[in-house]
Amino acid sequence: MAAMEAFSFLLPSQVRESSSFFNIGTVVALCVFFALLCACIIIGHLLHGNRWANESITALLLGLCSGVVVLLVSKGQSSRILSFSENLFFLYLLPPIIFNAGFQVKKKQFFKNFTTILLFGVLGTVISFCVISLGVFLLFKKIGLTSLGIKDYLAVGAILSATDSVCTLQVLSQDETPFLYSIVFGEGVVNDATSIVLFNAVQSLDVSNISGLTALKLLGNFLYLFFTSTILGIAAGLLSAYIIKALYFGRHSTDREVALMMLMAYLSYMLAELMNLSGILTVFFCGIVMSHYTWHNVTESSRITTKHAFATISFIAETFIFLYVGMDALDVDKWKSSKASPATSVAVSATFLGLLLVGRAAFVFPIANISNLLKKRESSKIEFRQQFIIWWAGLMRGAVTIALSYSQFSNSTGTTSPDDALMCTSTMIVVLFSTIVFGSITKPLIKAVLLSRHKPNVSDATDLPSLEDLRLLFIENGAESSEQGSNQRKGSNLRLLMTHPHITVHYLWRKFDDKFMRPVFGGRGFVPFVPGSPTEAADESHENNVSDRAVDS
């Protein structure tokens, strides 16, 4: 490409000749991106704690600035160093991000809100899809776009319904707002999977033969993909846990443990894509299962390594995505192909943004209020302020939206029609605007709406101590506590019993997990014994306490 050639001419001739077995343009592009990644890390460190900026916005703006530089170097011909590839995004960049999110997520928070997450992620996405598709169908004809078909309108609905779970990770704090984080991020993962399923369903839809059974077929297809993808992810996580527990790789090499966890996680994603399932759901639940079982079966050094390795790979992938999007936004060829006037481009982009706001509001507030009607305790209901933050935080659109847009309205031959090119550029404008504007305002908005009026008492049911904590207080810590500590906890235990008078699903799962799952697949309490390890003394004391309790009973 012109940008690569322009950069390659800046290199010494001996370098170009000695690197003849390389594609010099690819080498230059990778050097530029690695340098930009380093710059993003440094700038992100300097801006850490800034209420208006985060790593995604920094990377996006840096990508835009780099695109301007490349545009000047190439003399306005093309600013693309690397063209946006859906395969690169879906196969290499997205899996580590989603896996690490499942691996690091607070499982208790996530599953306590699982019903609400499913309502927002599945039913909400379908409602948004219908609102946006209908709005585009009614408004585009008034703008003057008449060449798009029914499939294109439906595809736009699926494309704009995909939220950006990557940006959500950076604008919401799992520690400051655990309830909102679990709801918005959990919805984002399910939402991405639902949007991709809807998009694929639109591609295979026969427009000439639409009947009442079409909606039922789409529903059945989604349920099949959802449950099959989830089961595949759980199976991959359990298989990795059993293999590591049974063979105990750490006896000889911790590197094998770390490598097996990484490869099994990525294999689950690839198998899901090979079987035409949702790789996002598969690798997400694989991460959850691995953090619950597999992670506790490896050695202490492997735990530290995997935790930081997964987080590092995910961070690099996130930063690379936003750099990628920022530089690709200044692709001159794409903007020239649209042949649309500035007024038309602004009208289409404003239509997208307006439908985005309306489509999300159409399901967030109704579903939240319906959920409140079904909850008996006032403390577990979603307040209007929280509903507003859920609505606002989910307005950001990212790389999934761009990848689906390019898949629908672009092709590898470069013969994109003007209206298709307009759809791509308008989608890019929506992504840039929502990420920079909505993303920069989200943190101050949360502090202004929620944290400034934060109450010290418990605000929702997810913050209450669980029956697992009750059991730990009564059984596990009873024999090890001092007499004074025991007296102080009596009142706390009584309050917990009054708070949780009934057996919950979480309590039943813990009983089943302790009795059947952990003895087979390992996990906390079933860690392999490592002679000479720093945890050897702790393991011996734990075993002695258990044996003493058995004798006393």
For the residue pair [X] and [Y], what are the closest heavy atoms and their distance?
X: Pro96; Y: Ile313; answer: CB-CG2, 3.6 Å
X: Ser371; Y: Thr116; answer: OG-OG1, 4.0 Å
X: Asp328; Y: Tyr406; answer: OD2-OH, 2.6 Å
X: Ala317; Y: Leu93; answer: CB-O, 3.5 Å
X: Ala241; Y: Tyr293; answer: CB-CB, 3.7 Å
X: Val283; Y: Ala265; answer: CG2-O, 3.8 Å

[Y] side chain reached by [X] side chain, heavy atoms, under 4.5 Å:
X: Phe226; Y: Leu281; value: yes
X: Leu271; Y: Thr282; value: no
X: Cys40; Y: Leu323; value: yes
X: Asn276; Y: Asn200; value: no
X: Ile117; Y: Phe185; value: no
X: Asn191; Y: Phe120; value: no
X: Leu148; Y: Phe137; value: no
X: Ile321; Y: Ile97; value: yes

With side chain to side chain donor-acceptor pair (under 3.5 Å) as the criterion, how do Ser417 and Asp420 come out once you've worked through the C-alpha distance, each side chain's angles and the decisive distance to 0.1 Å? CA-CA 5 Å; Ser417 66; Asp420 289 345; 3.0 Å; yes
Give, for atom [atom1] of [X] and atom [atom2] of [Y], the distance between the pair rounded to the nearest 0.5 Å.
X: Phe179; Y: Ile389; atom1: CZ; atom2: CD1; value: 12.5 Å
X: Gln104; Y: Lys307; atom1: CD; atom2: NZ; value: 6.0 Å
X: Ile234; Y: His292; atom1: CD1; atom2: NE2; value: 11.5 Å
X: Cys424; Y: Ile429; atom1: SG; atom2: CD1; value: 11.5 Å
X: Leu160; Y: Thr427; atom1: CG; atom2: OG1; value: 6.0 Å
X: Thr163; Y: Leu356; atom1: OG1; atom2: CG; value: 10.0 Å

Would you please classify the geometry between the [Y] ring and the [X] ring as parallel, tilted or perpendicular, with 30° and 60° separating the classes?
X: Phe388; Y: Trp392; value: parallel
X: Phe433; Y: Phe438; value: perpendicular
X: Phe365; Y: Trp391; value: tilted
X: Phe320; Y: Phe33; value: tilted

Is [X] reaching over with its side chain to a backbone N or O of [Y], donor-acceptor style, under 3.5 angstrom?
X: Thr435; Y: Arg397; result: yes
X: Ser314; Y: Phe310; result: no
X: Ser291; Y: Ile288; result: yes
X: Ser240; Y: Met261; result: no
X: Glu273; Y: Gly279; result: yes
X: Ser434; Y: Val431; result: yes
X: Ser426; Y: Val348; result: no
X: Asp152; Y: Gly149; result: yes
X: Ser133; Y: Cys130; result: no
X: Trp295; Y: Thr306; result: no

side-chain contact (heavy atoms from CB on, under 4.5 Å) between Phe199 and Phe129, worked out: CA-CA 10 Å; Phe199 182 82; Phe129 164 75; over 6 Å; no
Please assess Thr344 against Ser341 for the test side chain to side chain donor-acceptor pair (under 3.5 Å), listing each intermediate value before the final yes or no. CA-CA 5 Å; Thr344 303; Ser341 63; 2.9 Å; yes
Residues forming a salt bridge (Lys or Arg N to Asp or Glu O under 4.0 Å) with Arg360, sequence neighbours excluded: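 In terms of salt bridge (Lys or Arg N to Asp or Glu O under 4.0 Å), with neighbours along the sequence ignored, Arg360 is linked to Glu187.
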Step through the shown structure and confirm whether more than 12 heavy atoms of other residues, nucleotides or ligands are within 6.0 Å of OH on Tyr153. yes
For Phe409 and Asp419, what are the C-alpha separation, side-chain angles and deciding distance, and is it a side-chain contact (heavy atoms from CB on, under 4.5 Å)? CA-CA 9 Å; Phe409 298 109; Asp419 286 348; over 6 Å; no
Checking side-chain contact (heavy atoms from CB on, under 4.5 Å) for the pair Leu277/Tyr224: CA distance, chi angles, key distance, verdict? CA-CA 9 Å; Leu277 302 176; Tyr224 165 76; 4.1 Å; yes
Which of Tyr269, Phe103, Phe110 passes ring-ring contact (aromatic ring centres under 6.0 Å, His included) with Phe284? Answer is Phe110
Less than 3.5 Å apart, any donor N or O on the side chain of Ser302 or Thr305 sitting next to an acceptor on the other?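 Short answer, no.
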Under 3.5 Å, sequence neighbours excluded: what are the donor-acceptor pairs made by side chains of residues 60-71?
{"from": "Ser66", "atom 1": "OG", "to": "Leu62", "atom 2": "O", "distance (Å)": "2.8"}

Determine, step by step, whether Thr58 and Phe322 satisfy the side-chain contact (heavy atoms from CB on, under 4.5 Å) criterion, reporting the C-alpha distance in whole Å, the side-chain angles of both residues, the deciding distance to 0.1 Å, and the verdict. CA-CA 9 Å; Thr58 302; Phe322 286 102; over 6 Å; no
